[in-house]
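Computed from a predicted model, the values in this text were never measured in an experiment. One is the number of the first residue; the rest follow in order along the sequence. Note that these values count all heavy atoms, side chains included, but never hydrogens, waters or copies made by symmetry.
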Amino acid sequence: MSTATAPTADDTPKVIDVVSPKTLVVFALAVVALTAMQLFGTQEGSSTFRFATSTDFFAIPNLTVPTTATVWVLVAVLAVITAESLRRLLAHRRTPGWLIAVFAVVAMTAFLTWSGAGATLPVVGLFSGTILLAVPLVFGAMGGVLGERVGVVNIAIEGQLLAGAFTAAVVASMFGSAWAGVLGAMVAGALVGLVLAVFAITYWVEQVIVGVVLNVLVIGFTNFMFGQVLTENADTLNSPERLTPWAVPLLSDIPLVGPVLFKQSPLVYLLYVVVAVLAWSLYKTKWGLRVRAVGEHPKAADTVGIKVIATRYRTVILAGAIAGVGGAFYSLVAVQGFNREMTGGAGYIALAAVIFGKWDPIKATLAALLFGFASNLQGTLSVIGAPVPSEFMLMLPYLVTLLAVAGFVGKSRAPAATGIPYRKS
């Protein structure tokens, strides 16, 4: 929401709120899409949602609803929310975040009810898979948040993820330890971050170009090493130990929440720690204040004694190390071993999560979870035989990314000095 000043009859300045209609447009399009889906692809029978697993303290009973009637009721609720958004727009008031969240939940419930007609939808599997698939995106997004908070655009997240995946597989295979692979992934990500820092901070090269070149360089290097070295020595260099799920005693037996949050890969628990520490450090510590000061106004930071160049170097290298951990997910958790370009563009989605999350660790994590949900939904609907074209589901994460970077989440403002080299005069 922005403001503008208009003259009045008595020449007294009057502040008029200018509210973007983007939210209303998205709401209306969603209602039209769900209505058309129901009219031209009516699903008969009932939809069942399963909330429990066999190891829970107690079993939450399945929820079975009539598909057609439930979808129409939910579409009516969405229409009411859209009307409320229109009313607020006409009154020059923006749609609050909680109403957007309610709309999103109701719309997704309607879609899942329609898709799951005649089948049982495993809610626990849907959410636990969402967290698992979001792991590399969250680590990448944390690297992006840190880099841009200190004033350096980190387009190289994709390269840091891929370098982390490659190094994790090799190091874990050589030392017979998955955790050694995770450490190796951190080092690889930090090295890519160091190269980015040298060109962006010391030599003032355009940061976006450096990031893109680094991504291409890492892709070429890992493809060459995979074809010439790993394939020939798969038993010794590309057969790492996998990080299998750990179940936290007692907590993992809590119905619904337990399997989703506490029966995951160790990298998920590490992710909880990283996000919490970063969110606290960035806003509550002297280090975080200095990082944000350098990213917003490096000259002012310099005048009060903050070493701008050193702060940027340390932070960009740390950001690369964190992103590198996300790369370990691919070769130590998702599959056992490295393969060509196995990150599949996740670094760019993580960068979108940074913008979606407005350069905040918690919001960026939630954005990454949204992308993870979109990715996992594809597999879940395929398993239950939903009548949704697989091509549409494959493009869903990228469609969500497009909407995010197009500004449908509202106005985002990057740190003021992001992308601007610091030249001490």
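The two residues Val354 and Val145 have their closest heavy-atom pair at CG2-N, 3.9 Å. Gly193 and Val316 get closest at one heavy-atom pair: O-CG1, 3.4 Å. The shortest heavy-atom contact between Arg149 and Lys358 is NH2-O, 4.4 Å. The minimum heavy-atom distance between Gly143 and Asn154, with the atom names listed, is O-ND2, 3.6 Å. Here the closest heavy-atom approach between residue Ala328 and residue Ala185 is recorded as CB-CB, 3.9 Å. Here the closest heavy-atom approach between residue Ile157 and residue Gly347 is recorded as CG2-CA, 3.8 Å.
Counting non-hydrogen atoms of other residues, nucleotides and ligands closer than 6.0 Å to CZ of Phe175 gives a total of 12 or fewer. Tyr269 OH: more than 12 foreign heavy atoms inside a 6.0 Å radius.
With respect to Val229, the side-chain contact (heavy atoms from CB on, under 4.5 Å) criterion is satisfied by exactly one of Leu237, Asn238, Val170: Leu237.
Looking at Thr418, its side chain does come within 3.5 Å of a backbone N or O of Pro415 through a donor-acceptor pair. Judged purely by atom type and a 3.5 angstrom limit, Ser331 has no side-chain atom pairing as donor or acceptor with the backbone of Ala168. Not a single donor-acceptor pair under 3.5 Å links the side chain of Glu148 to the backbone N or O of Val153. Ser85 contributes no side-chain N or O that, together with a main-chain N or O of Ile81, makes up a donor-acceptor pair within less than 3.5 Å. Looking only at distances, no side-chain donor or acceptor of Asn223 sits under 3.5 Å from a matching main-chain atom of Arg340. Checking side-chain atoms of Tyr272 against main-chain N and O of Leu261 turns up a donor-acceptor pair under 3.5 Å. Of the possible donor and acceptor atoms, one in the side chain of Glu158 sits under 3.5 Å from a partner among the backbone N and O of Ala346.
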Which is it for Val274 and Ile322 under the side chain to side chain contact (heavy atoms under 4.5 Å, CB included) test, yes or no, and what are the steps along the way?
CA-CA 8 Å; Val274 168; Ile322 293 174; 4.2 Å; yes
side-chain hydrogen bond (donor to acceptor under 3.5 Å, both in side chains) for Asn339 and Tyr330? Distances and angles first, verdict last.
CA-CA 9 Å; Asn339 209 337; Tyr330 292 100; over 6 Å; no
Under the side chain to side chain contact (heavy atoms under 4.5 Å, CB included) criterion, do Val75 and Gln38 qualify, and how do the steps go?
CA-CA 9 Å; Val75 169; Gln38 183 69 353; 5.7 Å; no
Between Val195 and Leu191, is the side chain to side chain contact (heavy atoms under 4.5 Å, CB included) condition met? List the steps.
CA-CA 6 Å; Val195 176; Leu191 286 176; 5.8 Å; no
Can Arg292 and Glu296 be said to form a salt bridge (charged side-chain N to carboxylate O under 4.0 Å, His left out), step by step?
CA-CA 6 Å; Arg292 289 185 288 126; Glu296 292 289 349; over 6 Å; no
Going through the distances and angles, do Leu267 and Val182 end up as a side chain to side chain contact (heavy atoms under 4.5 Å, CB included)?
CA-CA 9 Å; Leu267 284 186; Val182 174; 4.2 Å; yes
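At least one side-chain heavy atom of Ser173 sits under 4.5 Å from a side-chain heavy atom of Pro240. For the pair Val248 and Lys263, the minimum side-chain heavy-atom distance is 4.5 Å or more. Inter-residue side-chain proximity for Thr236 and Met174 is flagged as unmet; no heavy-atom pair is nearer than 4.5 Å. Put simply, the side chain of Phe103 does not reach to within 4.5 Å of the side chain of Val26, judged on heavy atoms. Between Thr109 and Val105, some side-chain heavy-atom pair lies under the 4.5 Å cut-off. For the pair Leu282/Pro361, a side-chain contact is recorded, criterion being any heavy-atom separation below 4.5 Å from C-beta on. No side-chain heavy atom of Arg94 sits under 4.5 Å from any side-chain heavy atom of Thr23. Counting heavy atoms from C-beta outward, Trp287 and Arg290 have side chains that stay 4.5 Å or more apart.
To the nearest 0.5 Å, atom CZ of residue Phe371 and atom CG of residue Leu133 are 13.5 Å apart. One finds the CG atom of Leu24 at 7.0 Å from the OG1 atom of Thr95 (value rounded to the nearest 0.5 Å). To the nearest 0.5 angstrom, Gln264 atom CD is 13.5 Å from Trp246 atom CH2. Atom CG of Leu146 and atom CD1 of Ile317 lie 12.5 Å apart (nearest 0.5 Å). Rounding to the nearest 0.5 Å places OG1 of Thr303 at 8.5 Å from CD1 of Ile306. Residue Leu289 holds its CG atom at 12.0 Å from OH of Tyr283, rounded to the nearest 0.5 Å.
The aromatic rings of Phe338 and Phe166 sit perpendicular, their planes meeting at an angle over 60°, well past the 30° parallel limit.
No hydrogens or angles considered: nothing links the side chains of Ser177 and Glu241 as a donor-acceptor pair under 3.5 Å. Between the side chains of Ser47 and Thr113, no donor-acceptor pair is found at a separation under 3.5 Å.
Annotation: side-chain hydrogen bond (donor to acceptor under 3.5 Å, both in side chains) contacts of Asn215 (sequence neighbours excluded): Tyr348.
Between Phe139 and Phe329, the distance separating the two ring centers is not shorter than 6.0 angstrom.
Within the structure, no pair that satisfies the ring-ring contact (aromatic ring centres under 6.0 Å, His included) test touches residues 186-213, not counting sequence neighbours. Listed by first then second residue, pairs satisfying salt bridge (charged side-chain N to carboxylate O under 4.0 Å, His left out) with a partner in residues 301-317 read Asp302-Lys424, not counting sequence neighbours.
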